[in-house]
Amino acid sequence: MRWTSPPSIGVPERFSGQRAIVTGSAQGIGQAIAARLVAEGAGVLAVDVNAEAGAATAKELGCRFRRLDVTSEAEWTALGEDEVDVLVNNAGGLISSALLHEHDLETWRATLELNLTSVFLGMRWGLRRMIARGRGVVINVASVSGVVGQVDAPAYQAAKAGVTLLTRNAAVAYGARGIRINTVSPSIVTTPALSREPPERLEAFLSRVPLGHAGLPADVAAAVAYLASDDARYVSGANLPVDGGYLA
């Protein structure tokens, strides 16, 4: 298996009969989230812009796959799913770690499109379906980079901070409609994207993690599964760090 499973799954069927959509699920954190939800009984639709890797993941997990560019309003509109119980907006990524005065406008806009506009589009699509049913759960994957300042990656930081506040806005606006909306904020997690980071940048980031090591995609998946479940039925508008103590 290409994802890392948690040591145990406490309630294998707790999402039985529920439909879940996980964006950015071809690899890394999204793949682990999809794996966890499948293992606990959900009918998962894995979506990703990488059709080849996404289809391979879905085949391995035993779930459905559809190619989706999360930054495209037209593709969200054409998704065609009538019902969704759990929506996980996970897709995103660091495009540039340049300092603010070195940032070009094109990269700034692309970063916000990938990491913030995509979440807006996904939430709008999902909420319209959840409102009609009077229930649902949305979980947005942000980052500790959206909570505290860093010396670089200003566009990524701004986008992830936006995800956190957008989540809180929606939690207030839609709670009375039976919809819970929360954020998960990982710190440094061992994903394929992590291997492309300069060693000195990783070392500096890890130096701020009290537990002293990177997390696994499965650690984030476990937090998502909790927030998606009835165990968190009174949790909404929260930002749950999965960060090894980074924000402590």
Side-chain angles (χ1 to χ4, degrees), residues 1-48 50 53-66 68 70 81 83-93 119 122-123 126 130 135-144 163 167 180-194 211 213-233 235-236 238-244:
M1 292 184 179
R2 290 172 293 167
W3 62 90
T4 303
S5 298
S8 63
I9 296 175
V11 190
E13 298 300 320
R14 66 175 165 177
F15 297 117
S16 179
Q18 295 192 39
R19 299 183 181 185
I21 295 177
V22 183
T23 71
S25 50
Q27 61 182 3
I29 291 173
Q31 186 184 69
I33 293 169
R36 178 79 185 232
L37 295 178
V38 168
E40 297 202 15
V44 173
L45 174 63
V47 300
D48 200 287
N50 187 332
T57 290
K59 182 178 181 180
E60 203 165 346
L61 294 180
C63 66
R64 295 184 296 144
F65 172 77
R66 176 162 177 162
L68 176 70
V70 292
E81 296 293 305
E83 296 182 355
V84 58
D85 298 289
V86 178
L87 171 63
V88 183
N89 289 305
N90 164 75
V119 175
M123 289 178 71
M130 293 174 182
R135 68 180 188 274
V137 177
V138 178
I139 301 163
N140 299 320
V141 179
S143 169
V144 295
V163 169
T167 298
R180 295 190 298 105
I181 307 168
N182 292 290
T183 306
V184 171
S185 285
S187 58
I188 186 168
V189 177
T190 52
T191 65
L194 191 66
L211 292 186
H213 61 83
L216 298 174
D219 297 323
V220 183
V224 168
Y226 160 69
L227 289 173
S229 76
D230 285 342
D231 289 339
R233 63 183 179 271
V235 179
S236 193
N239 181 19
L240 176 58
V242 185
D243 64 352

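Just so it is clear, the structure is predicted and the values come from calculations on it, not from any experiment.
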Report the distance from atom OG1 of T191 to atom CD1 of I29, rounding to the nearest 0.5 Å. 6.0 Å
Counting only N and O atoms by type, is there a donor-acceptor contact under 3.5 Å from the side chain of D85 to the main-chain atoms of A20? no
Result for side-chain hydrogen bond (donor to acceptor under 3.5 Å, both in side chains) between T167 and one of N182, N140, N89 points to N140
With a 3.5 Å distance limit and no angle check, can you tell me whether T190 reaches the backbone of G215 through a side-chain donor-acceptor pair? yes
Are the side chains of V141 and P186 in contact, using a 4.5 Å heavy-atom criterion? yes
Can you list the residues that meet the salt bridge (charged side-chain N to carboxylate O under 4.0 Å, His left out) rule with R14, with sequence neighbours excluded? E40, D231
Least distance between heavy atoms, T57 atom then A26 atom: OG1-O, 2.8 Å
Identify the two heavy atoms, one from A91 and one from V70, that lie closest to each other, and give their separation to 0.1 Å. CB-CG2, 3.9 Å
Once you round to the nearest 0.5 Å, how far does CZ of R64 lie from CD1 of I21? 7.5 Å
Heavy-atom side-chain contact between V44 and L61 under 4.5 Å: no
Donor-acceptor pair, D48 side chain versus S25 backbone, under 3.5 Å? yes
Please enumerate all residues that pass salt bridge (charged side-chain N to carboxylate O under 4.0 Å, His left out) together with E83, with sequence neighbours excluded. R133
Of all heavy-atom pairs linking P192 and Q27, the shortest is CG-OE1, 3.5 Å
Spacing of C63 atom SG and E60 atom CD [to the nearest 0.5 Å]: 10.5 Å
In short, A228 meets V86 closest at the heavy-atom pair CB-CG1, 4.0 Å
Test item: S236 side-chain N/O and R180 main-chain N/O as donor-acceptor pair under 3.5 Å: no
Main-chain N/O of N239 paired to T183 side chain as donor or acceptor, under 3.5 Å: no
Does a side-chain heavy-atom distance below 4.5 Å link V184 with I139? yes
Can you tell me how far apart CG (L37) and CG (L45) are? Round to the nearest 0.5 Å. 12.0 Å
For the residue pair R36 and A222, what are the closest heavy atoms and their distance? NH1-CB, 3.5 Å
Got a second to check how far N50's CG is from L68's CG, nearest 0.5 Å? 13.0 Å
Run the numbers on L227 and V235 for side-chain contact (heavy atoms from CB on, under 4.5 Å), then give the verdict. CA-CA 7 Å; L227 289 173; V235 179; 3.9 Å; yes
All heavy atoms of N90 vs all of T23, minimum pair found to be N-OG1, 2.8 Å
